[in-house]
Amino acid sequence: MFETHSYDDPTVLPASARNFWSFMETNSAAAVMKAVCPAEWADIVDVLSSYRLDPQYWLQAGGNRGDIAKQIDAEFAERGWAETRLDLATTGILVSRDGKKIGELPPVYQEGYLVDNFRNRVVLDVEWNAKDGNLDRDLASYRSWFEAGVISAGVIITKDRLSLLGLARRLWAGYQLTLPEDQRNPRLPIDLATSTVTAFDKAQLRVRRGVMGTCPVLIVAATDRTWNGQPYT
């Protein structure tokens, strides 16, 4: 696994995005996308520069997708990205010594899965609160698509669970102080203690195992710095 830090270059990722999220990448994924998929990279930078976590939506129970994933997907949909299934069909072509086609082998068909966002040669999944096994599926698929020449890079947006757990506790405690004592509930409305759902540390673990092969991959994680600064009310 070749871990790089091209996202630290302000000419690749400006501070307006870099300072509000945490990152991990392989094979200079950010620089690769900027160079070979500039329009798609501009969309990613734009979303990371403008999207901020709003406690009114974030501190709400919402299952695997929830409001946050839907909001981020909507940002990309507005920029022309779409939920897409990528399938591969490989055909073996038989050629004689003198270069003439003499036949074909039966095609091998590989059914993919619906990626959350696809445009041109970049796939982007928002893995906010799904089972962490989704990360294995994502990275293995990115690998096969990259090796087949279908994509140039893959991106996963997730959360830094421990950072957001600390923020959630502070926001929730502040909110409880606004309530009458008999209505206070110290228990968070969302579960950030569970370690079996998609999160930054889970993605890092799989990337370091090399699940994605040689595919350039960028992992983006929301942290307490992604918060919009507003209280929960």
Side-chain angles (χ1 to χ4, degrees), residues 1 3-10 12-26 29-30 44-73 75-76 116 124-136 138-139 154-177 185-209 217-233:
M1 194 281 293
E3 184 174 353
T4 54
H5 304 86
S6 69
Y7 51 79
D8 281 332
D9 183 342
V12 173
L13 187 65
S16 59
R18 176 68 183 89
N19 293 345
F20 294 91
W21 306 76
S22 288
F23 299 87
M24 180 189 192
E25 73 171 7
T26 65
I44 293 170
V45 171
D46 192 26
V47 172
L48 297 183
S49 298
S50 59
Y51 182 82
R52 299 292 178 262
L53 283 177
D54 187 334
Q56 301 305 114
Y57 300 99
W58 169 47
L59 292 178
Q60 298 282 349
N64 288 352
R65 295 299 294 159
D67 288 337
I68 302 304
K70 291 176 183 177
Q71 288 174 359
I72 296 174
D73 286 340
E75 292 286 338
F76 284 99
D116 296 329
L124 187 152
D125 283 298
V126 183
E127 297 292 6
W128 192 258
N129 200 40
K131 294 296 183 182
D132 63 348
N134 277 21
L135 297 168
D136 295 300
D138 296 344
L139 294 171
V155 181
I156 293 175
I157 298 179
T158 186
K159 62 182 180 294
D160 185 335
R161 185 175 56 84
L162 293 180
S163 172
L164 290 181
L165 176 58
L167 174 61
R169 285 171 172 166
R170 295 196 301 272
L171 291 172
W172 192 246
Y175 169 62
Q176 295 306 302
L177 294 177
N185 179 5
R187 185 174 180 178
L188 290 174
I190 59 174
D191 183 5
L192 286 167
T194 299
S195 59
T196 58
V197 297
T198 50
F200 193 33
D201 59 330
K202 297 294 183 178
Q204 289 175 305
L205 176 64
R206 285 159 171 83
V207 167
R208 289 180 176 131
R209 286 176 183 164
V217 169
L218 177 67
I219 308 295
V220 182
T223 74
D224 54 0
R225 291 175 283 118
T226 316
W227 171 43
N228 68 358
Q230 298 300 309
Y232 179 82
T233 58

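Bear in mind that the values here come from a model prediction, so they are computed numbers and not experimental data.
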Residues two or more places apart in sequence or in another chain: which of them pass side-chain hydrogen bond (donor to acceptor under 3.5 Å, both in side chains) with [X]?
{"X": "S16", "answer": "S49"}
{"X": "Y175", "answer": "none"}
{"X": "Q176", "answer": "none"}
{"X": "D138", "answer": "Y113"}

Checking [X] now: which residues fulfil side chain to side chain contact (heavy atoms under 4.5 Å, CB included) with it, not counting sequence neighbours?
{"X": "D9", "value": "T11, V12"}
{"X": "T196", "value": "T194"}
{"X": "L188", "value": "L165, A168, R169, W172"}

| message | On a heavy-atom basis, which atom in A222 and which in W128 lie closest, and how many Å separate them? | response |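 Smallest interatomic distance, heavy atoms only, reads CB-CH2, 3.7 Å.
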| L53 to P55 - nearest heavy-atom pair and separation | O-CD, 3.7 Å
Just verifying a value: how many Å separate [X] [atom1] and [Y] [atom2], rounded to the nearest 0.5 Å?
{"X": "L48", "Y": "L218", "atom1": "CG", "atom2": "CG", "result": "8.0 Å"}
{"X": "I190", "Y": "N129", "atom1": "CD1", "atom2": "CG", "result": "8.0 Å"}
{"X": "D132", "Y": "L205", "atom1": "CG", "atom2": "CG", "result": "9.0 Å"}
{"X": "Y7", "Y": "I219", "atom1": "OH", "atom2": "CD1", "result": "10.5 Å"}
{"X": "D67", "Y": "L59", "atom1": "CG", "atom2": "CG", "result": "11.5 Å"}
{"X": "I72", "Y": "T158", "atom1": "CD1", "atom2": "OG1", "result": "9.5 Å"}

| task | Scan for side chain to side chain donor-acceptor pair (under 3.5 Å) pairs involving residues 221-232, sequence neighbours excluded, and state none if there are none. | result |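 Sorted result for residues 221-232: S22-R225, S163-D224.
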My understanding is that only residues two or more places apart in sequence, or in another chain, count here; which of them pass salt bridge (Lys or Arg N to Asp or Glu O under 4.0 Å) with [X]?
{"X": "D201", "result": "none"}
{"X": "R161", "result": "none"}
{"X": "D136", "result": "R206"}

| query | What pairs meet the salt bridge (charged side-chain N to carboxylate O under 4.0 Å, His left out) rule with one or both residues in residues 13-25, with sequence neighbours excluded? | reply | D8-R18
Minimum side-chain heavy-atom gap [X]-[Y] below 4.5 Å:
{"X": "Y51", "Y": "I157", "result": "no"}
{"X": "D116", "Y": "L124", "result": "no"}
{"X": "D73", "Y": "K70", "result": "no"}

| message | Please identify which of these residues, V126, D125, V217, I44, meets the side-chain contact (heavy atoms from CB on, under 4.5 Å) condition with V155. | response |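 Only one option passes, and that is I44.
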| task | Step by step, work out the side chain to side chain contact (heavy atoms under 4.5 Å, CB included) result for W58 and L167. | result | CA-CA 11 Å; W58 169 47; L167 174 61; 3.8 Å; yes
| Are the side chain of Q60 and the backbone of Q56 linked by a donor-acceptor contact shorter than 3.5 Å? | yes
| Is there a donor-acceptor pair closer than 3.5 Å between any side-chain N or O of K159 and the backbone N or O of T198? | yes
| request: Mind running side chain to side chain contact (heavy atoms under 4.5 Å, CB included) on R208 and M24 for me, showing each step along the way? | output: CA-CA 10 Å; R208 289 180 176 131; M24 180 189 192; 3.7 Å; yes
